[in-house]
Amino acid sequence: MYDPVLVYGDRTVWQPGSVATLDEDVIATVNADHPAQILNELPGVNVQMNSGQEHLIALRSPVLTGGAGQGSFLILQNGVPTRSPAFGNVNSLFEIHHEVAETIEIVRGPGSAKYGSNAVHGLINVILGSPQTGTYADARLSGSTLNRYKADITGNLDDTARVSLSLQDDAGWRDFTGVEQQKLSAQYAFNVAGWDGLAFISASNLNQETGGFIEGYKAYRDDDIVTQNPNPEAYRDAQWVMGAVRLSREIGPGELTLTPFYRWQEMEFAQHFLPNGGIEENGHDAFGLQSKYEFAASDAVMLRIGADADIASGWLKETQLEPFGFFPGDRRFPVGVHYDYTVDTTVLALWSEAEWAVSDELSILAGLRGETHDYDYKTDVPPGPNGRFLVPANREDSFDLLTPKLGAIWAPGDGSISYYANYSRGERAPQASDLYRLQSQQGIAEAEVETMDSFEIGLRGTALGGDMFFDIAAYSAEKENFFFRDSDGLNVTDGSTRHTGVEAQANWLVNEAFTISGTASYAEHTYTFDRIVAAGSEVIRDGNEVDTAPNWLGDIRLTWHPTERFEASLSADYIGEYYVDPGNTQTYPGHTSTHARASYAFTETLEGFVIIRNLFDVNYADRADLAFGNNRYFPGEPMNATFGVRKRFN
């Protein structure tokens, strides 16, 4: 039998659904400069690197932008969402402390029945872990040929306290694209009045000069163009803090867990991706409580019930500093403040989950969550149209979510292989920007609750005498009320899409010195509605493929470990062809990038390593799209080498 997979303590391999994990050794070995470099090792995951620490996420989905990108993926740290539901961030991964994580878990497919709004396509949970026995410190220092320098340091004080610090100073390989980032996390374990407690806090600060898109058909193939930055004025400054205390104790027949939390974030950036430019400032702070009571109703039935609350206040201001127009006399983009508003939100939820061991071989899991979202919006600029922009008057909105889940898992015989089937619904309330950052072509409050119903079947287990672990899943999902921004910059509020695919993951220990591991995903993401618009704008037809949705994703890694001191690996990542616009008029051909790594342990406490990324110096685009009539690209990094050491101090 293979080891159980845990999703922060209450989800095991004996539950249906697609869960993949990365452990501490893999995280340290990859030594990711960017979260995409570690997360893309898992099936069904496609995180596009943009400029600096910016990115866009796909989990069993197209790569999503705007409100869809903000609200379709739930990001957690130690099981607590890093953002309040209405105030998502398409760049939400630069806030998490993935560099020093103990485990990274990804649930593919809807997780709303347990975790609530925003877990539509799945969730990413970064677990920092608890203090460990012993007093020691670990340090990992590295520098690269791209003038990128990093330090990751963790200090552990017996089983009481743990502190981690990550620093990155990146000169930027494109013009005017330097990045400075700092992250700090601390955990403290305690026991008081019969409660087992773990307090944790994390903070991050990002200051980057941002590279804009390069433009021109296949411009990413030109060595001179890729290093240029058409938007040297672009920047992003972001700060984030989150703290929580997890308290657990036995009460009656079960265990009660309470997790009060607080979070705060502010961000300012230049909107280089819009032709009119401008500066956006946003932020929110929130406090809330997660609660769960788990008990055995009988020898065969485990019950969990919970109640969650998240109370937040957010704000956004957008200012255009310079005049802009597509033609003389174009008054659609006025200089000055376009939006300046605050939104107070209250989210309350009740959920329950039952796990029934029907027999030694068959288990059934059922869950249901009800959630309500209340928004109180106030504008500090006059309501009404302002060129292309539409400012709503003060208003209140409310949305209700109901998300069920039902699954079964069957492990016949010795349990080395298990089969599962799973139905789950994902829902999200609109982002605040979906509702209150409107354009003149829109009506007020057109956005509705986005819903996705997903069915999946799968099998996972071991083969070849336990030397191979595998996980295969097939899924089909239908999404309604899809809110997205098209390539002309217009908001679509009533879209619908279909998502089907097959994913596979395997790890084969060929012998004591050689391992082969890999993932492969085939998916079709299509529009299931028609949107016929005026001449000159793109046309979406039922059956079109969703843009930025490769059919094929793949990853393979060969690892050679001939001695306890030396290890080397060679890996390749494949991104298939995809359309760059919803009208399916142009494509990006896809690419393969290859990487190599080697490490040598000089002593039990000192190791040196080298990582070569893009080994064959392939010219490719991390992101390709077609917007405002232009082919635009974020070019991928050229071949580069990272040299580093790890040292443990006891």
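Keep in mind the model is a prediction, meaning the values are calculated, not measured.
Asn118 CG to Phe87 CZ: the interatomic distance, rounded to the nearest 0.5 Å, is 11.5 Å. Atom CD in Glu361 sits 11.0 Å away from atom OH in Tyr419 (nearest 0.5 Å). Atom CG of Asp434 and atom CZ of Arg428 lie 5.0 Å apart (nearest 0.5 Å). Between the CD atom in Glu478 and the CZ atom in Arg498 there is a gap of 4.0 Å [rounded to 0.5 Å]. Expressed to the nearest 0.5 Å, how far CD1 of Ile127 lies from CG of Asn78 amounts to 7.0 Å. Separating the OG1 atom in Thr82 from the CZ atom in Phe94 is a distance of 10.5 Å, to the nearest 0.5 Å.
Side-chain N or O atoms of Ser72 include none that pairs as donor or acceptor with a backbone N or O of Gly69 at under 3.5 Å. No donor-acceptor distance shorter than 3.5 angstrom exists from the side chain of Glu448 to the backbone of Pro430, with no hydrogens or angles considered. Not one N or O on the side chain of Asn507 forms a donor-acceptor pair closer than 3.5 Å with the backbone of Phe469. For Asp542 (side chain) and Asp530 (main-chain N/O), no donor-acceptor pair under 3.5 Å exists by modelled atom type. Here the side chain of Arg460 pairs no donor or acceptor atom with the backbone of Ile417 at under 3.5 angstrom. In terms of modelled atom types and a separation under 3.5 Å, the side chain of Asn544 and the main chain of Pro582 share a donor-acceptor contact. Looking at Asn40, its side chain does come within 3.5 Å of a backbone N or O of Val47 through a donor-acceptor pair. Here the side chain of Ser496 pairs a donor or acceptor atom with the backbone of Thr528 at under 3.5 angstrom. Remark: side-chain polar atoms of Ser112 are not paired, donor with acceptor, to backbone N or O of Ser117 under 3.5 angstrom.
Judged purely by distance below 3.5 Å, without hydrogens or angles, the side chains of Thr559 and Thr515 never pair a donor atom with an acceptor atom. For the 3.5 Å distance criterion, the side chains of Ser166 and His97 qualify, holding a donor opposite an acceptor. Side-chain atoms of Tyr420 and Ser18 include a donor-acceptor pair closer than 3.5 Å. Side-chain polar atoms of Thr103 and Thr21 form no donor-acceptor pair below 3.5 angstrom. Between the side chains of Gln208 and Thr210, at least one donor-acceptor pair of N or O atoms lies under 3.5 Å. There is a side-chain donor-acceptor pair under 3.5 Å between Tyr423 and Asp453. A donor-acceptor contact under 3.5 angstrom links the side chains of Ser202 and Gln77, judged on distance only. For the 3.5 Å distance criterion, the side chains of His591 and Ser593 fail to qualify, holding no donor opposite an acceptor. For Glu95 and Ser204, the side-chain atoms include no donor-acceptor pair closer than 3.5 Å. Using modelled atom types, one finds no donor on one side chain facing an acceptor on the other under 3.5 Å when comparing Tyr527 with Asn584. The closest side-chain donor-acceptor pair between Lys218 and Asn631, if any, does not fall under 3.5 angstrom. Checked by atom type, the side-chain pair Asn46/Gln48 shows no donor-acceptor distance below 3.5 Å. A donor atom on one side chain and an acceptor atom on the other are not found under 3.5 Å apart for Asp625 and Tyr578. The closest side-chain donor-acceptor pair between Asp573 and His595 falls under 3.5 angstrom.
Scanning all heavy atoms of the two residues, the minimum distance from Pro635 to Asp622 falls at O-OD2, 3.9 Å. The minimum heavy-atom distance linking Pro85 with Gln431 is given by the pair O-NE2, 2.6 Å. Of all heavy-atom pairs between Val90 and Gly66, the closest is CG1-O, 3.5 Å. What you find for Pro43 and Ala504 is that their closest heavy atoms are CB-O, 4.0 Å. A pairwise comparison of heavy atoms in Ala624 and Val580 identifies O-CG1, 3.8 Å as the closest pair.
Residues Leu570 and Thr594 form a side-chain contact, since some pair of their non-hydrogen atoms from C-beta on lies under 4.5 Å apart. Side-chain atoms of Leu401 and His373, non-hydrogen and from C-beta on, do get closer than 4.5 Å to each other.
Note: Tyr375 and Phe399 have perpendicular aromatic rings, judged against thresholds of 30 and 60 degrees for the angle between ring planes. By the 30° and 60° cut-offs, the orientation of the rings of His34 relative to His55 is perpendicular. Ring pair His121/Phe73 is tilted by interplanar angle, where 30° to 60° counts as tilted.
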- Task: Could you walk me through whether Val63 and Arg623 pass side-chain contact (heavy atoms from CB on, under 4.5 Å), step by step?
- Result: CA-CA 10 Å; Val63 174; Arg623 173 168 176 77; 4.0 Å; yes
- Message: Would His98 and Ile104 count as a side-chain contact (heavy atoms from CB on, under 4.5 Å) here? Give the steps.
- Response: CA-CA 8 Å; His98 66 88; Ile104 299 176; 4.2 Å; yes
- Query: Where do Met302 and Glu294 land on the side-chain contact (heavy atoms from CB on, under 4.5 Å) test, with the steps shown first?
  - Reply: CA-CA 7 Å; Met302 179 68 68; Glu294 181 177 30; 3.7 Å; yes
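Residue Tyr220 forms a ring pair (Phe, Tyr, Trp, His ring centres under 6.0 Å) with just one option from Tyr620, Tyr588, Phe634, Phe213, and that option is Tyr588. Asp310 pairs with exactly one of Arg263, Gln290, Arg83 by the side-chain contact (heavy atoms from CB on, under 4.5 Å) rule, that one being Arg263.
For residues 39-58, every residue pair satisfying the salt bridge (charged side-chain N to carboxylate O under 4.0 Å, His left out) rule, not counting sequence neighbours, is listed here: Glu41-Arg557, Glu54-Arg236.
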